[in-house]
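Note that this is a predicted model, so its numbers are computed, not measured. Residue numbering restarts at 1 for every chain, and letters A, B, ... go by the order of the sequence lines.
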2 protein chains.
Amino acid sequence: MHPQPEENDVDRVFHALADATRRAMLERLSQGPVSVSQLAEPLGMTLAAVVQHVQVLEQARLVHTEKVGRVRTCRLEPAGLDAARRWLDARRTPWEQALDRLAQVVKP
Amino acid sequence: MHPQPEENDVDRVFHALADATRRAMLERLSQGPVSVSQLAEPLGMTLAAVVQHVQVLEQARLVHTEKVGRVRTCRLEPAGLDAARRWLDARRTPWEQALDRLAQVVKP
DNA sequence: AGAATAGTTAAGTTACTGCTTGACTATTAC
DNA sequence: GTAATAGTCAAGCAGTAACTTAACTATTCT
């Protein structure tokens with residue numbers, strides 16, 4: 001709709017998050033990096049399907065992967081989640097937004 | 001996947017947010033309540049299509065609507081955004097989560 | 001070398017999304 | 001009362017999403 005620089009990213013991120021399987025993967029990855037096969041194991045699904053989900057998560061910059069030898073290791077990448085959070089936070093009430101800015105000041 | 005009480009809601013919310021048109025509607029609604037026709041006006045789209053989007057947003061508890069006479073007024077409902085924010089915040093780093101709790105204490 | 005492991009790629013299937021059109025209902029305006 | 005307004009409902013359609021299977025490529029193990 002608005003192919004603004006950011007808009008497309010937000011699209012990808014929310015679309016990636018809209019799937020329960022992918023959210024389960026992120027949850028798993030929040031406990032540390034794992035290989036694609038390890039990711040696939042608890043989900044009753046083909047490896048091929050999992051690979052496709054991983055690609056979606058990568059394009060949304062929610063995970064980053066690196067292949068060493070024959071195993072591809074996936075780890076969480078905060079960029080995507082941050083984009084989502086920024087969008088949501090921009091739609092808070094003015095009072096909540098003031099609190100957000102306070103947190104920003106306290107943080108660094 | 002996990003039809004946990006919350007899981008289904010999260011699904012609906014992120015799916016609703018994954019569409020640029022619906023996000024534009026939310027943006028419009030964040031400036032105050034409007035009728036369905038008013039919502040439809042800036043988007044180059046049939047009224048019927050807009051109604052369908054409104055239904056998606058309602059099911060995600062992102063908007064609440066009420067019909068008076070022949071006009072249905074839509075207003076933002078924070079429940080859905082809060083659900084999304086809760087999910088995202090649960091996946092922050094421990095350090096960030098500490099800051100979140102601090103904000104919670106300061107808030108009320 | 002041969003067999004098992006880990007992943008990739010392409011193609012096909014089924015189901016769901018985002019729209020449109022068209023017919024219809026309820027209000028409000030003239 | 002008639003006409004315009006505001007919305008609703010039901011099909012239908014093109015495009016996309018989430019899989020599957022099957023054939024293939026690279027590693028690693030024995």
key: Joint cluster assignment, B:Leu17 & B:Val56, ILVMFWY side-chain distance < 4.5 Å   =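 In one cluster with B:Leu17: B:Val56, no.
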
query = Honestly curious: do B:Leu47 and B:Val71 fall in one hydrophobic cluster under the side-chain, below-4.5 Å linking rule?
reply = no

Can you tell me how far [atom2] of [N] sits from [atom1] of [X], to the nearest Å?
{"X": "B:Gln59", "N": "C:dG18", "atom1": "CD", "atom2": "P", "answer": "12 Å"}
{"X": "B:Arg23", "N": "C:dG18", "atom1": "CZ", "atom2": "C1'", "answer": "15 Å"}
{"X": "B:Arg72", "N": "C:dA26", "atom1": "CZ", "atom2": "P", "answer": "14 Å"}
{"X": "B:Asp11", "N": "D:dA17", "atom1": "CG", "atom2": "P", "answer": "16 Å"}
{"X": "A:Met45", "N": "D:dA18", "atom1": "CE", "atom2": "P", "answer": "10 Å"}
{"X": "A:Glu41", "N": "C:dT5", "atom1": "CD", "atom2": "P", "answer": "15 Å"}
{"X": "A:Leu39", "N": "C:dA6", "atom1": "CG", "atom2": "P", "answer": "14 Å"}
{"X": "A:Leu47", "N": "D:dA26", "atom1": "CG", "atom2": "P", "answer": "17 Å"}

query = Could you go step by step and tell me if B:Ser35 and B:Gln38 meet the side chain to side chain donor-acceptor pair (under 3.5 Å) rule?
reply = CA-CA 5 Å; B:Ser35 74; B:Gln38 286 174 309; 3.3 Å; yes

task = For B:Lys67 and for A:Asp19, locate the closest nucleotide of DNA chain D by heavy-atom distance; then report the residue assigned to the nucleotide nearer the 5' terminus.
result = B:Lys67

So does [X] get a side-chain nitrogen or oxygen closer than 4.0 Å to the phosphate oxygens (OP1/OP2) of [N]?
{"X": "B:Thr46", "N": "C:dC19", "answer": "no"}
{"X": "A:His53", "N": "D:dC19", "answer": "yes"}
{"X": "B:His15", "N": "C:dC16", "answer": "no"}
{"X": "B:Arg70", "N": "D:dT8", "answer": "no"}

query = Taking for each residue the nucleotide of DNA chain C with the nearest heavy atom, is it A:Val36 or B:Ala49 whose nucleotide lies nearer the 5' end?
reply =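 Of the two residues, A:Val36 wins.
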
ask   = With a 3.5 Å cut-off and no angle check, do the side chains of A:His53 and A:Arg22 form a donor-acceptor pair?
value = yes

request  = May I ask you to check whether over 12 heavy atoms, not counting those of A:Arg61, lie within 6.0 Å of atom CZ?
outcome  = no

inquiry  = Distance criterion of 3.5 Å, no angle test: do you see the side chain of B:Gln52 paired donor-to-acceptor with the base of C:dT20?
reply    =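 A donor-acceptor contact between them is present.
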
inquiry  = Quick check for you: among D:dA22, C:dC19, C:dA6, whose closest atom lies nearest to any side-chain atom of A:Val71?
reply    =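 The closest nucleotide is C:dA6.
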
